[in-house]
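All remarks here apply to the structure that follows.
Because the structure is predicted, anything quoted here is derived from the model rather than measured.
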Amino acid sequence: MRKMLKKTMAGVMMMSLAAAALTGCGGSSKSDSAATTVAGESAGPISGQILQVMISEEPGEGDALGNALKKWSEESGNEIKQIIISHDDMLSKFPSMAKNNDLPDLVATTRLHQLYPEEFVDMSGVLDLSKFNESALKIVGKSYSSDAITGIPDQYTTTCMFYNQDAFEAAGLEAPTAENPWTWDELYENAKTLQEKGGVKYGFAADVSRARYDILMYANGGSLVQQDGDTFKVAVNSAENVATLERFVQANNEVMPKAIWAGGTTDNPVEYFKNGDAAILLSGSWNYNTFTTEISKFAFGVMPTPKGSAGQSAIIGGEALAIPANGKNVELAKQFVQWLFEDEHYTEFLQIRKEPSVMNDITYTPDTDKAKEDFATIQNETNYVTDTFMVDESSSWRTYKDNEYRDAIKRAVAGEVTAQEALDGFAKALAESSGWAMAN
């Protein structure tokens, strides 16, 4: 299964392979009416309206979605109103927005459409889903509680590692390659060398995200749950996972900006890398475009994820465009989404975003040799998606507990509890909430 998964994931993101069409998903009357739009039987283009779009951060230079919205606005004669709410605030505020009937027309989100599928239009009635990458639809677009595709991926990403080439040269280090990757122990040791000789403050930094931390967990053979017939067992407090967290706590004390993971600051580790304070960053492919346009004080590159005791690991994910079923301008939102995923418009969108494609017959084409080399490394990360990650995803564990997991890790880093205590506490809470038995 591992080999088959590797081939599937690598093909998904590196080539324009024809994926099998997903069969129709169940939907509401709103979804049925949307099908007439797909068939080209709608009343015609809407103009003179305002499309309210909720996004998670202020658009920056080279913002692909913002560029697409602006172009569509000019062509269609509609206006755009952007509502900026952070990812975490979206999760806390969305339920009350839905309850108060105060929803935007379109949401760029990583999870809302999966957590609250009943609040969103089924995309099988908006677009021809057979044109889209099947794995992207399943991982990024599908509801956690059904097979309905409640968001269409506009961003398909993988975790990856960036490094400061100038700092490596100063420290006398050569970057690892796909053929000769570092181990995690080697990364931590080389991070010390970078601090001593590379002219940086921190050798290593990582996004404050359980998805980034979980790269280490999967590489060491751990997981959050285990398959148990038709259900699951909670395995997050396994010996492998405790050892991984203990080593991560040590790394925070030695080569990382500890205050970030310990909760002592809201600083973004991405900024630490961009300004040259951190030599290596564990983040994701979505940063590549930003780094290309905003980093000028040093040369940067992309390196393969290190090996753990069980191998290498990566996590795939992304962002979806989702249409609230009770938004004020549902049909207008559908028209924008359909416009965006026309071949001409999506091709332009993808070249700005510089990321793997979510459409089968369209790919991003790097325009420089360096970009081609970096992108090949990014795409190769999909070879490291583990079976354990796929099992964890299939459990939809985040419907029971979510941020509590990251908070448990942060408490261990802060020294409030031991790694064992942190993971035992979260495991117990997840088991009680889900009704799953404990594996350990």
Does the pair D147 and K138 meet the rule for a salt bridge (charged side-chain N to carboxylate O under 4.0 Å, His left out), with working shown?
CA-CA 8 Å; D147 289 333; K138 288 182 177 180; over 6 Å; no
K334 side, atom NZ; L106 side, atom CG - distance, nearest 0.5 Å
12.5 Å
Report yes or no: do D267 and T265 form a side-chain donor-acceptor pair below 3.5 Å?
yes
Spacing of Q82 atom CD and L51 atom CG [to the nearest 0.5 Å]:
10.0 Å
With Y400, the ring pair (Phe, Tyr, Trp, His ring centres under 6.0 Å) member among F232, Y405, W436:
W436
For a quick check under 3.5 Å, do E186 and N190 share a side-chain donor-acceptor pair by atom type?
no
Which distance, rounded to the nearest 0.5 Å, do you find between the NZ of K131 and the CD1 of I362?
9.0 Å
Centroid separation under 6.0 Å, is that true for the rings of Y288 and F291?
no
Do V107 and L321 touch side chain to side chain, with heavy atoms closer than 4.5 Å?
no
From L423 atom CG to I409 atom CD1, the distance as rounded to the nearest 0.5 Å:
7.0 Å
Is there a donor-acceptor contact under 3.5 Å from the side chain of S396 to the main chain of Y144?
yes
Any donor-acceptor pair under 3.5 Å linking the side-chain atoms of T157 with those of Q155?
no
For K93 and I85 the tightest heavy-atom approach is CD-CG2, 4.3 Å
Close side-chain approach of D277 and V200, heavy atoms under 4.5 Å:
no
Between W261 (side chain only) and A206 (backbone N and O only), is there a donor and an acceptor less than 3.5 Å apart?
yes
For residues Y346 and F132, establish whether the separation of their ring centroids is below 6.0 Å.
no
Are the aromatic rings of F120 and F94 close, with centres under 6.0 Å apart?
yes
Given R398 and E393, is the salt bridge (charged side-chain N to carboxylate O under 4.0 Å, His left out) satisfied, shown in steps?
CA-CA 9 Å; R398 287 187 296 276; E393 285 297 291; 3.2 Å; yes
Closest approach of S56 and H87, non-hydrogen atoms and distance?
OG-NE2, 3.2 Å
Evaluation steps, side chain to side chain contact (heavy atoms under 4.5 Å, CB included), between T388 and M217
CA-CA 10 Å; T388 44; M217 176 186 72; over 6 Å; no
T150 side, atom OG1; Y116 side, atom OH - distance, nearest 0.5 Å
13.0 Å
Do the rings of F375 and Y364 sit parallel, tilted or perpendicular, given the 30° and 60° boundaries?
perpendicular
Is it true that a side-chain atom of N100 and a backbone atom of D102 form a donor plus acceptor pair closer than 3.5 Å?
no
Is a side-chain donor-acceptor pair under 3.5 Å present for S238 with N440?
no
Within the side chain of D392, is there an N or O that forms a donor-acceptor pair under 3.5 Å with the backbone of L224?
yes
Mind checking whether Y384 and Y218 have ring centres under 6.0 Å apart?
no
Without hydrogens or angle criteria, can the side chains of Q165 and E169 be said to hold a donor-acceptor pair below 3.5 Å?
no
Testing the basics here: between S285 and I378, what is the closest heavy-atom pair and its distance to 0.1 Å?
CB-CG2, 3.6 Å
Parallel, tilted or perpendicular: which one describes the rings of W397 and F426, with boundaries at 30° and 60°?
perpendicular
A171 and T193 have their tightest heavy-atom pair at O-CG2, 4.0 Å
Determine whether K192 and E189 satisfy the following criterion, salt bridge (charged side-chain N to carboxylate O under 4.0 Å, His left out), listing intermediate values before the conclusion.
CA-CA 5 Å; K192 292 180 182 178; E189 288 304 312; 3.6 Å; yes
Check: T244 side chain, E240 main-chain N or O, donor-acceptor pair, under 3.5 Å
yes
Check whether the ring centres of F168 and W182 lie less than 6.0 Å apart, and answer yes or no.
yes
Between F300 and Y163, does the ring centroid distance fall short of 6.0 Å?
no
With rounding to the nearest 0.5 angstrom, report the CD1 to NZ distance, I260 to K410.
10.5 Å
Main-chain N/O of C160 paired to E381 side chain as donor or acceptor, under 3.5 Å:
no
Take S124 and D122 through the side chain to side chain donor-acceptor pair (under 3.5 Å) test and state the conclusion after the steps.
CA-CA 6 Å; S124 65; D122 187 333; 2.9 Å; yes
Residue pair N241 / G222: nearest heavy atoms and the distance that separates them:
OD1-CA, 3.0 Å
Is there a side-chain contact between N133 and M359 (heavy atoms, below 4.5 Å)?
no
At their closest point, which heavy atom of D374 faces which heavy atom of V302, and how far apart are they?
OD1-N, 3.6 Å
